[in-house]
Amino acid sequence: MTSEKAIKNDSILGRIFKRYFVDAMGAMALGLFSSLIIGLIISQLSQIGPLAFLQPMTEVLGAKSPVVGAAIGVAIAYGLKADPLVIFSAASCGAIGYAAGDGSGGPVGAFIAALVGAELGQLVSKKTPADIIVTPMTAIVAGGLAGGFVGPYVQNMMHWLGDLINEATMLRPLPMGMIVGVAVGMALTLPISSAALCIMMDLSGLAAGAAVAGCCAQMVGFAVISFRENGVGGLLSQGLGTSMLQVPNIMRHPQIWIAPTAASGLCGAVSAALLGMTNNAAGAGMGTSGLVGQFGAVAAMGASAKTFLLIGLAHFLLPAAAALAVHLLLRRIGWIKDGYMKLEV
C-alpha cells in the first residue's frame with residue numbers, strides 16, 4: 001500500500017513538474033523569442049545603414065517593455081492548452097506581472113502572473129452565462145495580484161543568483177566557466193528552457209559567454225557527431241535548431257551525451273578563462289539556435305573582426321572538434337554504435 005501511494009505521489013509530482021517547468025517554461029521561451037530575443041536581433045540589424053528603419057521596433061521590444069510580458073503570458077497560456085479567452089486574458093496578466101514593482105517583476109513576474117491567471121481562468125472558463133466577463137476578470141485579477149505580490153521578490157532572488165554566478169565567473173573564470181558551460185548546455189538539451197532560465201537570472205559578462213559556448217557545444221556537438229546517421233538535414237536541425245531532438249535517443253543510450261557535455265565544459269572554460277568572451281542574458285541560453293547567441297556576442301563585444309573570429313572559434317570550431325574527438329574515443333571502445341543517434345523524423 002505504501003509503495004502504491006509513493007508511486008501515485010511520484011506521478012503527481014511528475015505531472016506538476018511537466019506542466020509547470022516543461023510545458024509552461026518551454027512555452028515561455030517561445031514568448032521570449034517572439035519579443036525580447038527577436039528584439040535583440042532586430043536591434044543589431046537596425047545598426048546596418050539600409051536597415052535603420054527597424055530602429056523603432058527595438059524600442060517596443062526592449063527589456064523594459066511590458067510587450068515582452070504580454071508575449072510571455074500568451075505563450076504560457078497557449079502552452080497550457082487554455083481556452084481562447086483565457087489565452088487572450090493572459091496577455092494582460094503577463095504585462096502586469098512584468099511591470100510589477102516599478103518594473104522589477106520582469107520575466108519571473110510575467111511567468112507567475114500568467115501561470116496563475118491561466119490556471120484560475122481555465123477553472124471558470126465556459127462555466128457561466130457571463131463567460132465574456134467572468135473569465136477575463138478572474139484570470140487578470142488573480143494573475144495580476146499574484147504577479148504583483150510575488151513576482152518582484154522571486155525575480156530579485158533570481159537576479160541575486162545570477163549576480164552570484166556572474167561575480168564568481170569573473171573571480172574564477174576557469175572552474176566557473178566549465179560549470180556554467182556544462183549546466184546551461186545540459187539545460188538547453190533537456191526539455192526545459194535554458195533561454196528562460198538565463199533571462200530570469202539576468203546572466204551577463206563572462207558567465208553569459210560561457211553559457212553560450214556550453215550551449216553551442218551541445219548543438220554543434222550533436223550535429224557533427226550524428227552526421228553519419230542524420231546527414232545534412234540533421235546537421236542543420238540540430239546545429240541551428242535544437243539539440244533537444246536527441247532527448248529520446250539520450251533516454252535509450254545516455255552515453256551519447258558524454259561527448260557534447262565534455263565539449264560544453266571545455267568550451268565554457270576556454271570562453272571565460274582564455275578568450276574572455278562575453279554575452280547578454282537574451283543570448284546566453286540560446287547557443288547557435290537561430291544564431292541568437294552569436295547576435296548576443298556581437299551586441300556585448302561589438303561588431304569587429306576579432307569578435308567574429310572568436311565566435312567562429314568558440315561557438316563552432318572548438319565545439320565540433322572537442323565533441324568529435326571524445327565521440328570517436330567512445331566509438332573506439334565500443335560505447336557508441338551506429339544508429340544510436342538516428343533522429344526519428
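What you see is a predicted model; the values in this text were computed from it and never measured.
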Just wondering, do [Y] and [X] contact through their side chains at under 4.5 Å, heavy atoms?
| X | Y | result |
| --- | --- | --- |
| Val68 | Ile72 | yes |
| Leu120 | Leu123 | yes |
| Gln255 | Leu330 | no |
| His315 | Met277 | yes |
| Met158 | Met200 | yes |
| Leu85 | Pro136 | yes |
| Trp160 | Met201 | no |
| Asn280 | Ser204 | no |

Exercise. When you check the gap from the basic side-chain N to the acidic O, do Arg331 and Asp338 get nearer than 4.0 Å?
Worked result: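 Between Asp338 and Arg331 there is a salt bridge, with a charged N closer than 4.0 Å to a carboxylate O.
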For this session: State plainly whether the residues Glu119 and Arg19 are in salt-bridge range, i.e. N to O under 4.0 Å.
Result: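 Result for this pair is yes, salt bridge flagged.
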Looking only at non-hydrogen atoms, find the nearest pair between [X] and [Y] and report the distance.
| X | Y | result |
| --- | --- | --- |
| Ala263 | Pro319 | CB-O, 4.1 Å |
| Val224 | Ala320 | CG2-CB, 3.8 Å |
| Ala139 | Cys93 | O-SG, 3.1 Å |
| Ala100 | Gly147 | CB-O, 3.8 Å |
| Gly69 | Ala110 | CA-CB, 4.0 Å |
| Lys342 | Asn249 | O-ND2, 3.0 Å |

Joint cluster assignment, [X] & [Y], ILVMFWY side-chain distance < 4.5 Å:
| X | Y | answer |
| --- | --- | --- |
| Val220 | Ile311 | yes |
| Val154 | Phe111 | yes |
| Val86 | Leu145 | no |
| Leu324 | Phe222 | yes |
| Ile48 | Phe53 | yes |

To the nearest 0.5 angstrom, please state how far the [atom1] atom of [X] sits from the [atom2] atom of [Y].
| X | Y | atom1 | atom2 | answer |
| --- | --- | --- | --- | --- |
| Met178 | Leu174 | CE | CG | 5.5 Å |
| Leu317 | Cys216 | CG | SG | 11.5 Å |
| Glu167 | Leu206 | CD | CG | 10.5 Å |
| Ile199 | Met28 | CD1 | CE | 7.0 Å |
| Ser194 | Leu203 | OG | CG | 10.5 Å |
| Asn279 | Gln294 | CG | CD | 8.0 Å |

Donor-acceptor pair between [X] and [Y] side chains, under 3.5 angstrom:
| X | Y | answer |
| --- | --- | --- |
| Trp257 | Gln246 | no |
| Ser46 | Gln55 | yes |
| Ser43 | Thr58 | no |

Check the surroundings of atom [atom1] in [X]: do more than 12 heavy atoms from other residues, nucleotides or ligands lie under 6.0 Å from it?
| X | atom1 | answer |
| --- | --- | --- |
| Phe316 | CZ | yes |
| Lys127 | NZ | yes |
| Ile132 | CD1 | no |

Would you confirm whether [X], through its side chain, and [Y], through its main-chain N or O, come within 3.5 Å as a donor-acceptor pair?
| X | Y | answer |
| --- | --- | --- |
| Thr307 | Gly302 | yes |
| Ser125 | Gly121 | no |
| Asp202 | Gly162 | no |
| Ser271 | Gly268 | no |
| Gln155 | Gly109 | no |

Exercise. Could you go step by step and tell me if Ser243 and Leu188 meet the side chain to side chain contact (heavy atoms under 4.5 Å, CB included) rule?
Worked result: CA-CA 7 Å; Ser243 54; Leu188 176 129; 3.1 Å; yes
Exercise. Out of Val212, Leu291, Val292, which residue meets the side-chain contact (heavy atoms from CB on, under 4.5 Å) rule with Met286?
Worked result: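 Single pass found, and it is Val292.
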Exercise. Could you walk me through whether Val298 and Phe308 pass the side chain to side chain contact (heavy atoms under 4.5 Å, CB included) check?
Worked result: CA-CA 8 Å; Val298 172; Phe308 290 114; 3.9 Å; yes
Problem set entry | Working for side chain to side chain contact (heavy atoms under 4.5 Å, CB included), residues Val67 and Tyr98 | CA-CA 9 Å; Val67 169; Tyr98 197 86; over 6 Å; no
Exercise. Checking side chain to side chain contact (heavy atoms under 4.5 Å, CB included) for the pair Leu115/Leu80: CA distance, chi angles, key distance, verdict?
Worked result: CA-CA 9 Å; Leu115 205 59; Leu80 294 178; 3.7 Å; yes
